Structure formats: C-alpha cells, structure tokens
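To start, the structure under review is shown below, and the notes come after it.
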Amino acid sequence: MVTFTFDDGFQSIYDYARTMLDAVGMKPTLYIVTNFLGEPDYMTTAQTLEMSRNGYEIGAHTRNHENLTQLSVSRLQEEILGSKNDLLALGITPVSTFAYPFGEYNNQVVQAVKDAGFLSARSVHSGFNDKNADPFLLMDQHVESHVTADQIKIWINKAVAEKKWLI
C-alpha cells in the first residue's frame, strides 16, 4: 500500500499537486497547520474545504508548527487538540490522523495525540510500516527536491515486494 501525504498546507499543493493527483485518481492526506490557512504561500480555508469535499483526507499538523517536545502540557494540548478542533469547526470530518511537526515527538507528545482522539500519527523518520507498526509512530519516505522519480519507484517496488506500507 502506498499513501501520499503533504504537510503544512502549502498553496502549491492546491495549484499543482491537486491537478496531477486528480488526473490519476489519487487522493492524498493533507496535514494542515490551521493558523497558516490563508497566509501567504498557504491554502485558504475555502481551498482546504474544497479538497476535503473532493475526497482528500485532512489531518491535523498543529496550529503553529512548533516543536511539540519543547512545549508545556497546556501548550501541547492547545497545539494538538486545538488544531483538530479548528478543522472540525470548519466542517471537516473526520479528523483522525496527525503528523508531528519536524517529525519530533516523545512519550508525552504521543500520549497527547492519543488523548486528543487521533487514530494514528506520522513522523518524518525514514522507513516502511508493516502490520505490527505502532499507529502513532508511523514512518515515511520523505520526498524533497533531491529525490528522483526513480528513487520513488524503488521505494514502491520495495514496499510491494516486502508487503509493507509506504507513506
């Protein structure tokens, strides 16, 4: 299984990725930083709602994209649960998945994500997931500008061969 995800809610997702993904019938998960909606270089609330209505999963990625391991308990809850509630208040439902900003987490952060009612969470630690993977410590293969299409094909082929989940 291959899942595509996009973090932060950049405008380029709406302007470019959406068209390409829709053309091949793929619906990724978008992890939205809720206080960035409508800011320069980020999608608007209306664009995010449109993508949600068109089958894109919308997940939470905090309110302000802070390193959660450095926050007090109350700020941690405000960032995690607050972002989920922001998305729910927009009419996006369900909001069941979370991505850790910078991929950073510790036991307290993971517990706060669980307590907020999320079903899973993704880091940016490189790897593949199998049926025994902790749903709150999911790994990905991060695609940055230096990653080639051939590298992505290698990852997909490895996931298929080893019966793994590639995010």
Side-chain angles (χ1 to χ4, degrees), residues 3-21 26-127 129 133-147 165-167:
T3 303
F4 287 93
T5 67
F6 294 87
D7 288 2
D8 303 332
F10 288 110
Q11 183 66 42
S12 59
I13 299 165
Y14 185 85
D15 291 342
Y16 306 110
R18 175 180 57 95
T19 305
M20 290 184 277
L21 292 162
M26 296 187 80
K27 302 297 182 184
T29 300
L30 309 179
Y31 289 107
I32 302 297
V33 179
T34 56
N35 283 348
F36 291 3
L37 286 171
E39 293 294 318
D41 299 321
Y42 291 90
M43 295 188 309
T44 65
T45 298
Q47 291 166 334
T48 304
L49 287 168
E50 176 188 336
M51 294 179 83
S52 176
R53 284 191 302 271
N54 288 321
Y56 288 69
E57 178 188 8
I58 306 297
H61 195 40
T62 72
R63 284 183 160 164
N64 298 295
H65 204 277
E66 296 183 52
N67 183 333
L68 300 175
T69 64
Q70 299 175 1
L71 300 181
S72 68
V73 173
S74 62
R75 287 278 301 124
L76 186 60
Q77 194 171 42
E78 180 182 322
E79 286 293 320
I80 295 170
L81 183 57
S83 65
K84 180 179 185 174
N85 288 337
D86 291 345
L87 294 169
L88 291 169
L90 295 176
I92 295 170
T93 186
V95 179
S96 57
T97 62
F98 185 85
Y100 303 108
F102 312 106
E104 296 293 330
Y105 60 87
N106 57 26
N107 290 339
Q108 184 176 14
V109 171
V110 172
Q111 189 60 53
V113 169
K114 290 177 181 179
D115 291 347
F118 290 100
L119 301 178
S120 67
R122 179 185 55 73
S123 71
V124 292
H125 299 292
S126 293
N129 304 284
D134 183 325
F136 292 92
L137 302 177
L138 296 174
M139 297 178 288
D140 76 350
Q141 294 292 346
H142 220 63
V143 178
E144 300 286 348
S145 60
H146 67 278
V147 175
W165 176 19
L166 168 62
I167 302 174

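Just so it is clear, the structure is predicted and the values come from calculations on it, not from any experiment. Just the heavy atoms: all of them, side chains too, but no hydrogens, waters or symmetry mates, feed the values below.
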Checklist line | Stepwise side-chain contact (heavy atoms from CB on, under 4.5 Å) check, V95 with I58 | finding: CA-CA 6 Å; V95 179; I58 306 297; 5.8 Å; no
[X] versus [Y]: any side-chain heavy-atom pair under 4.5 Å?
| X | Y | answer |
| --- | --- | --- |
| L138 | W165 | yes |
| L68 | P101 | yes |
| R18 | Q47 | no |
| F102 | H65 | yes |
| Y14 | T44 | no |
| T62 | F98 | yes |
| T97 | R122 | no |
| Y31 | Y100 | no |

Atom pair [atom1]/[atom2] of [X] and [Y] - distance to nearest 0.5 Å:
| X | Y | atom1 | atom2 | value |
| --- | --- | --- | --- | --- |
| M51 | L30 | CE | CG | 4.5 Å |
| E57 | I92 | CD | CD1 | 11.0 Å |
| N129 | I167 | CG | CD1 | 4.5 Å |
| N107 | T69 | CG | OG1 | 12.0 Å |
| F136 | S120 | CZ | OG | 6.5 Å |
| R63 | N85 | CZ | CG | 7.0 Å |

For [X] and [Y], indicate whether the former's side chain and the latter's backbone hold a donor-acceptor pair under 3.5 Å.
| X | Y | result |
| --- | --- | --- |
| H125 | M139 | no |
| K27 | N54 | yes |
| S52 | T48 | no |
| E79 | N64 | yes |

For residues [X] and [Y], report the shortest heavy-atom separation together with the two atoms involved.
| X | Y | value |
| --- | --- | --- |
| S123 | G103 | CB-O, 3.9 Å |
| D7 | A99 | OD1-CB, 4.2 Å |
| A112 | I80 | CB-CD1, 3.7 Å |
| Y56 | L21 | OH-CB, 4.1 Å |

Checklist line | side chain to side chain contact (heavy atoms under 4.5 Å, CB included) partner of D8, chosen from D41, I32, I13, V33 | finding: V33
Next item on the list: Verify ring-ring contact (aromatic ring centres under 6.0 Å, His included) between Y42 and F10, making sure each step is shown before the conclusion.
Entry: CA-CA 4 Å; Y42 291 90; F10 288 110; 4.9 Å; yes
Next item on the list: May I ask you to check whether over 12 heavy atoms, not counting those of Q77, lie within 6.0 Å of atom CD?
Entry: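 Incorrect, the count does not exceed 12.
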Notebook entry, point to check: Is the shortest distance from a Lys or Arg side-chain nitrogen in E78 or R75 to a carboxylate oxygen in the other one below 4.0 Å?
Noted result: yes
Note to self: Could you walk me through whether L90 and L37 satisfy the side-chain contact (heavy atoms from CB on, under 4.5 Å) test, starting with their C-alpha distance in whole Å, then the side-chain angles of each, then the deciding distance to 0.1 Å, before giving a yes or no?
What the structure shows: CA-CA 11 Å; L90 295 176; L37 286 171; 3.9 Å; yes
Next item on the list: Might you work through the side-chain contact (heavy atoms from CB on, under 4.5 Å) test for V147 and Q141, ending with a clear yes or no?
Entry: CA-CA 10 Å; V147 175; Q141 294 292 346; over 6 Å; no
Next item on the list: Please test Y105 against V113 for side-chain contact (heavy atoms from CB on, under 4.5 Å), starting from the C-alpha separation and ending with a verdict.
Entry: CA-CA 10 Å; Y105 60 87; V113 169; over 6 Å; no
